[in-house]
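Have a look at the structure below before the remarks.
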Amino acid sequence: MTASSPSTLDLMDQWEQPPRKRGPRGCVMLALLVVGALVAGAVWVVISLNDREPVPVKPAFEVPALKPAPRSAIPGDAGPLPAEPAKDAWIAKVSENTDIPSRALRAYVNAAEKTAKTTPRCEITWATIAGIGRTESQHARHDGSRAGEDGVVTPPIIGIPLDGSPGVLAVVDTDKGALDGDAKWDRAVGPMQFLPATWKRYGVRASGDGAAPDPQNIDDAAMTTARYMCARGGDLGDPAGWWTAVLTYNNSTAYGQEVFSNADAYGKAALKP
């Protein structure tokens with residue numbers, strides 16, 4: 001400590017001296033200084049916030065509501081699927097354009113490709129399968145679920161009990177709760193929402209590995225959707241066949257128009273560069 005430096009005791013003495021009384025003018029000046037400091041601080045905060053980079057928010061994919069009369073039209077052409085070397089890049093682009101998770105989109109594309117080989121007369125498109133998937137479970141994302149890389153959806157997607165309550169069909173249990181966990185009433189299961197009895201008849205294992213078809217696997221569910229709709233509608237390249245297939249899936253004109261709108265929007269988005 002130098003001789004000219006105040007000691008700690010000197011500082012304490014100065015701190016403990018009683019403040020001199022201020023007159024009204026002094027109080028007003030003090031108040032103005034305080035207010036000025038607060039205003040300056042607020043301005044600095046606003047400027048600082050404005051200087052930050054805005055966080056980009058990706059808008060949800062918008063589907064224009066189309067209301068064609070049943071059996072009057074089919075969704076617009078989604079264009080040809082790419083050959084294998086270009087498929088990954090195409091899926092990434094379309095997933096970005098449509099907000100369809102890439103894992104679900106791959107399941108829809110593979111189902112359409114395999115069906116084109118096994119049932120060429122059907123002409124079901126990946127966009128139609130995706131249209132069903134969006135309406136039924138938001139592409140396996142219902143209530144926080146998701147499809148893993150192995151295709152399995154977790155948590156499993158299980159619908160409400162079909163117990164005959166107002167607005168609900170009554171469907172007594174058909175599988176002893178094996179697929180839906182309900183031994184009293186049936187429930188729709190999986191990302192494509194199949195009833196257990198329908199799954200038992202049409203369920204197919206997409207991988208062909210010999211395991212039992214799993215309605216909670218997005219690949220199996222998409223493949224089964226294609227099989228079911230082709231069996232019910234015949235030629236989905238024809239308006240009568242397309243609508244027959246979709247209305248068999250769910251006998252509601254509003255439902256069919258929603259799937260139509262989805263498929264048409266997806267097809268158009270896929271054609272964008």
Side-chain angles (χ1 to χ4, degrees), residues 100-101 103-143 145-162 169 171-234 236 241-242 244-251 255 259 263:
I100 301 175
R103 187 61 186 83
L105 180 57
R106 182 173 292 277
Y108 304 148
V109 168
N110 288 343
E113 285 183 325
K114 290 180 180 179
T115 303
K117 295 176 181 177
T118 60
T119 317
R121 64 176 180 80
C122 177
E123 296 190 24
I124 191 169
T125 67
W126 69 265
T128 287
I129 302 172
I132 296 282
R134 184 178 196 266
T135 294
E136 294 295 348
S137 69
Q138 279 295 319
H139 311 301
R141 293 181 294 191
H142 173 73
D143 202 22
S145 293
R146 63 180 293 274
E149 283 305 309
D150 60 356
V152 177
V153 176
T154 53
I157 298 174
I158 299 177
I160 62 172
L162 301 178
L169 290 173
V171 183
V172 178
D173 173 67
T174 60
D175 70 334
K176 298 181 180 179
L179 294 178
D180 58 13
D182 191 334
K184 184 175 182 181
W185 303 102
D186 265 352
R187 301 173 182 237
V189 292
M192 304 305 266
Q193 289 290 277
F194 280 97
L195 291 179
T198 307
W199 186 263
K200 182 179 180 180
R201 181 176 178 182
Y202 292 97
V204 60
R205 185 69 170 172
S207 66
D209 61 4
D214 181 5
Q216 302 292 347
N217 181 299
I218 189 70
D219 296 311
D220 295 359
M223 195 71 206
T224 300
T225 294
R227 181 186 182 190
Y228 177 75
M229 295 184 72
C230 290
R232 294 294 180 153
L236 271 66
W242 192 93
T244 297
V246 174
L247 293 178
T248 301
Y249 212 99
N250 188 322
N251 190 21
Y255 178 90
V259 172

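Position 1 is the first residue of the sequence, and the numbers go up from there.
Within the 4.5 Å cutoff, the side chain of L195 has heavy atoms near those of the L162 side chain. Annotation: side chain of V171 is not in contact with side chain of W185 (no heavy-atom distance under 4.5 Å). Residues K200 and T174 form no side-chain contact, since every pair of their non-hydrogen atoms from C-beta on lies 4.5 Å or further apart. For the pair W199 and P215, the minimum side-chain heavy-atom distance is below 4.5 Å.
With sequence neighbours left out, the side chain to side chain contact (heavy atoms under 4.5 Å, CB included) criterion links S145 to V153, P155, I157. Every residue was checked against the salt bridge (Lys or Arg N to Asp or Glu O under 4.0 Å) condition with R227, not counting sequence neighbours, and none meets it. Residues meeting the side chain to side chain contact (heavy atoms under 4.5 Å, CB included) test with D175, sequence neighbours left out: D173, A178, L179, D180, D186, P196. For R146, the salt bridge (Lys or Arg N to Asp or Glu O under 4.0 Å) test picks out no residue, with sequence neighbours left out. Applying the side chain to side chain donor-acceptor pair (under 3.5 Å) test to D182 and every residue at least two apart in sequence or in another chain returns R187.
Among residue pairs with one or both ends in residues 111-131, those qualifying as side-chain hydrogen bond (donor to acceptor under 3.5 Å, both in side chains) are K87-E113, T125-T128, T128-W242; sequence neighbours excluded. Evaluation of the disulfide bond (SG atoms under 2.5 Å apart) test over residues 184-219, restricted to residues two or more places apart or in two chains, returns none. Under the salt bridge (Lys or Arg N to Asp or Glu O under 4.0 Å) criterion, the residue pairs touching residues 211-221 are R103-D219, R205-D220, with sequence neighbours excluded. Residue pairs meeting the salt bridge (Lys or Arg N to Asp or Glu O under 4.0 Å) criterion with at least one member in residues 132-143, sequence neighbours excluded: D99-R141. Within the structure, every pair that satisfies the ring-ring contact (aromatic ring centres under 6.0 Å, His included) test and touches residues 200-227, not counting sequence neighbours, is listed here: Y202-Y228. The list of disulfide bond (SG atoms under 2.5 Å apart) pairs with a residue in residues 175-208, not counting sequence neighbours, is empty.
Pairing each heavy atom of A226 with each of I129, the nearest pair is CB-CD1, 4.1 Å. Across all non-hydrogen atoms, the minimal contact from P191 to S137 is O-OG, 2.8 Å. Of all non-hydrogen atoms in Q216 and G190, the two that sit nearest each other are NE2-N, 3.3 Å. The minimum heavy-atom distance between I100 and A130, with the atom names listed, is CD1-CB, 4.0 Å. Across all non-hydrogen atoms, the minimal contact from A245 to L236 is CB-CD1, 4.0 Å.
Interatomic distance, H139 NE2 to I132 CD1, rounded to the nearest 0.5 Å: 11.0 Å. Separation of atoms CZ (R232) and OH (Y249) is listed at 12.0 Å; rounding is to 0.5 Å. Expressed to the nearest 0.5 Å, how far CE of M192 lies from CE of M229 amounts to 8.5 Å.
A donor-acceptor pair under 3.5 Å is absent between the side-chain atoms of Q138 and the main chain of T135, judged by distance alone. A donor-acceptor pair under 3.5 Å links the side-chain atoms of T224 to the main chain of V204, judged by distance alone.
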